[in-house]
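Every value quoted in this text rests on a predicted model; they were computed, and no experiment measured them.
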Amino acid sequence: MAATNKVPSKTNQRYDRLSEVKAFDETKAGVKGLVDAGIAQIPRIFYHPPNDINNKSVCNDTQLIIPVIDLGDISKDSVKRQEIVKRVGEASETWGFFQVVNHGIPVGVLEEIKDGARRFFEQDNEVKKEVYTRDITRKMVYNSNFDLYTSTAANWRDTFFSYMAPSPPHPEELPEACRSKPRTIILLQTMSLINLFNDREEMFLYTKQVMKLGVTLLELLSEALGLNKDHLKEMECGEGLAFVGHYYPACPQPELTLGTTKHTDNDFLTVLLQDHIGGLQVFHNSQWVDVPPVPGALVVNIGDLLQASFCFLLNLFGCLVRVWLIDMCLLI
């Protein structure tokens, strides 16, 4: 029988959404806990309207892909740098999105990030429950759906995040899994950049690598706007740094839900690493375009704050994105 995205009727049974949300949240196991329990049907709190998850507007043109920009030798060749600045400006103006390769962060480091994130989310639920919280003042927050109690439909994902700048957490403020060897956790997507974390000795080394990439991107964007290359840095656009890791376990009814609903990022700049599964989509020219993973690449998204600050100089697009559930995947 072919799968459909018809939402099951709620009229035949009494449905108390708030009670179901509370019951789910109080397990402190997230969607990974539902999968581990072997459910065959997802809870109603995850049902999305069919119009939000239909695939009719997905682009089938395999030639339409977001730009991939090679940052190699950017500091050594002035001519190449100008070419890169032009491409960054064009991609920001037309897509609001681009991928970068030869960005200076070793592929091995990126693989460690993905492996470490997966180890965290796939460790025993009893261990994760110790750090499950909705207290956003904590140095590290792990939960499922930050807007679980306010959204009309929950997303099929678990998340953890930590603010790394300007006031990074002390090692003892992080859960044991985040600061003990063997390496068990590292992450992720950012307020301004991307970061990764494992044991305490390597935390600052990796932060330095990512901050260096962030500075390069801010310089290129400044030049693309016709400004001094230090303009965005001097505006302190790169001062705040957070890392976020999203985990999307395999869903028994992917036709009924989404990993991430359509949204823009409310930051200056997001640098994102996805695993080999993919599922990330960008809304471009009234259609959803797949962003297939490129080995070693990082995805750069122009955030709302940067767009709002400079839309009068360059028509920057804060890009609309969503995550389509294919299989278990990570976005970092």
Report yes or no: does [X] contribute a side-chain atom to a donor-acceptor pair with the main-chain N or O of [Y] at less than 3.5 Å?
X	Y	result
Gln99	Pro67	no
Glu223	Leu218	no
Asp77	Val79	yes
His103	Asp70	no
Asn145	Asn155	yes
Asn143	Phe160	no
Ser222	Leu232	yes
Thr257	Gln253	no
Lys212	Gly104	no
Ser144	Arg157	yes

Are any of the side-chain heavy atoms of [X] and [Y] separated by less than 4.5 Å?
X	Y	result
Thr152	His48	no
Leu71	Leu213	yes
Val294	Val299	no
Phe120	Val131	yes
Leu269	Cys237	no
Leu64	Gln287	yes

Under 4.0 Å between a Lys/Arg side-chain N and an Asp/Glu carboxylate O for [X] and [Y]?
X	Y	answer
Asp36	Lys32	yes
Arg87	Glu90	no
Asp25	Arg134	yes
Glu83	Lys86	no
Arg81	Glu219	yes

May I ask you to check whether [X] and [Y] show a side-chain donor-acceptor distance below 3.5 Å?
X	Y	result
Tyr248	Thr260	yes
Asp265	Thr270	yes
Asp135	Thr133	no

Shortest non-hydrogen contact from [X] to [Y]?
X	Y	result
Glu126	Lys129	OE2-NZ, 3.1 Å
Ser92	Leu221	OG-CD2, 3.5 Å
Leu273	Ala297	CD1-O, 3.9 Å
Met140	Ser162	CA-CB, 4.3 Å

- Query: When rounded to the nearest 0.5 angstrom, what is the spacing between CZ in Arg44 and CG in Asp16?
  - Reply: 11.0 Å
- Honestly curious: do Phe146 and Trp156 fall in one hydrophobic cluster under the side-chain, below-4.5 Å linking rule? no
- Message: Angle between ring planes, Phe24 versus Phe46, binned at 30° and 60°: parallel, tilted or perpendicular?
- Response: perpendicular
- Item | Check: Tyr247 ring centroid to Tyr142 ring centroid under 6.0 Å | no
- Please test Lys128 against Asp158 for salt bridge (charged side-chain N to carboxylate O under 4.0 Å, His left out), starting from the C-alpha separation and ending with a verdict. CA-CA 11 Å; Lys128 290 187 294 183; Asp158 296 332; 5.3 Å; no
